Amino acid sequence: MTPQVALITGENTGIGEAIACSLAIDHGYHVIIGLRDLGAGYSVAKHGQRNVLLNSAAIFLESDPRNARLTVRQRIEQTFVPNVFGQAGFTEDMLPLLRKAGETGVLRIVFVSSRLGSLANALDPNAPFYENDFRSYNYSKAALNMPALNYDRMAWKTLIAPLRLFL
């Protein structure tokens, strides 16, 4: 049997790395990673079919003290490029391959969100990180939930994965 194929953005650290390892080791997926070098990423991704597109690439500028010099607007702009625009754009670019996979088997599009993008948690004073000012990251993760819902509405099997991967 041919293994399922997963294309993962943001694979080299954090959640993306953990998911890539789990899919390959625990579930027998053939894992292909998306790179920040677009030329390398597109050359890897343009051949064959994809059964899973896992969008996990993200940056968190508030965690690095070197970004304290940036204005809030600059942090928002720099965060939205990879966290929202990059994931939405890459998903659109991959739709032809995703449609091909959907004709022959299981297809999933996964957007890795965060509890920091939850509107309910943003209003809950008992929620973790309630007192922290992570505006650019929070905004980007809340915005990322909408493409996931839109793809789901367009009949794709789309998942929002805030804490764990649903397979």
Side-chain angles (χ1 to χ4, degrees), residues 2-24 26-61 75-119 121-122 134-167:
T2 303
Q4 297 288 314
V5 179
L7 174 60
I8 301 178
T9 65
E11 177 278 335
N12 60 327
T13 60
I15 293 171
E17 180 181 23
I19 292 170
C21 290
S22 177
L23 285 174
D26 302 332
H27 300 284
Y29 276 70
H30 177 79
V31 176
I32 299 173
I33 61 169
L35 309 169
R36 288 189 192 251
D37 176 345
L38 286 179
Y42 282 120
S43 69
V44 167
K46 70 182 181 181
H47 300 2
Q49 75 175 28
R50 305 291 168 260
N51 301 98
V52 176
L53 172 58
L54 182 106
N55 289 299
S56 70
I59 60 171
F60 186 62
L61 295 179
R75 283 196 308 270
I76 291 168
E77 289 173 346
Q78 290 180 25
T79 300
F80 263 65
V81 170
N83 293 17
V84 181
F85 306 145
Q87 291 192 33
F90 192 70
T91 301
E92 287 294 318
D93 290 345
M94 293 295 106
L95 284 180
L97 292 174
L98 294 168
R99 285 189 180 102
K100 180 180 175 185
E103 295 169 2
T104 60
V106 177
L107 169 67
R108 291 180 174 90
I109 302 172
V110 181
F111 292 88
V112 177
S113 187
S114 166
R115 70 177 64 187
L116 294 175
S118 164
L119 299 179
N121 280 347
F134 300 144
R135 278 180 272 183
S136 64
Y137 188 79
N138 295 4
Y139 298 171
S140 74
K141 288 303 185 174
L144 185 62
N145 292 331
M146 192 51 68
L149 295 173
N150 282 332
Y151 286 112
D152 190 62
R153 193 175 63 239
M154 295 183 312
W156 292 91
K157 185 169 184 169
T158 307
L159 304 167
I160 303 170
L163 298 174
R164 63 183 185 269
L165 179 64
F166 301 92
L167 286 177

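Small disclaimer: the values here were computed from a predicted structure and weren't measured.
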Review point. How many angstroms lie between atom CG of N83 and atom CG of L61, to the nearest 0.5 angstrom?
Key: 8.0 Å
Check your understanding: Sequence neighbours excluded, which residues qualify as side-chain contact (heavy atoms from CB on, under 4.5 Å) partners of Y139?
Key -> I76, F80, R135
Exercise for review: First locate atom CG of N138, then atom OG of S114, and finally report the distance between them rounded to the nearest 0.5 Å.
Suggested key: 7.5 Å
Practice item. First locate atom OG of S113, then atom CG of N145, and finally report the distance between them rounded to the nearest 0.5 Å. Key: 3.5 Å
Study note, to complete from the structure: By ring pair (Phe, Tyr, Trp, His ring centres under 6.0 Å), F60 pairs with (sequence neighbours left out) F134, Y137
Exercise for review: Measure the spacing between CZ of R75 and OG of S140 and express it to the nearest 0.5 Å.
Suggested key: 12.5 Å
Practice item. Provide the closest heavy-atom pair for Q78 versus I59 in the form atom of the first, atom of the second, distance. Key: O-CD1, 3.3 Å
**Study point:** salt bridge (charged side-chain N to carboxylate O under 4.0 Å, His left out) against E92, all qualifying residues, sequence neighbours excluded
**Key:** none
Review point. Do N55 and T91 come close enough that some side-chain heavy atom pair is under 4.5 Å?
Key: yes
Check your understanding: Residues in side-chain contact (heavy atoms from CB on, under 4.5 Å) with A88, at least two apart?
Key -> none
Point to revise | Counterpart residues, side-chain hydrogen bond (donor to acceptor under 3.5 Å, both in side chains), relative to T79 (two or more places apart) | key: S136
Check your understanding: What residues form a side-chain contact (heavy atoms from CB on, under 4.5 Å) with S118, not counting sequence neighbours?
Key -> A120, N121
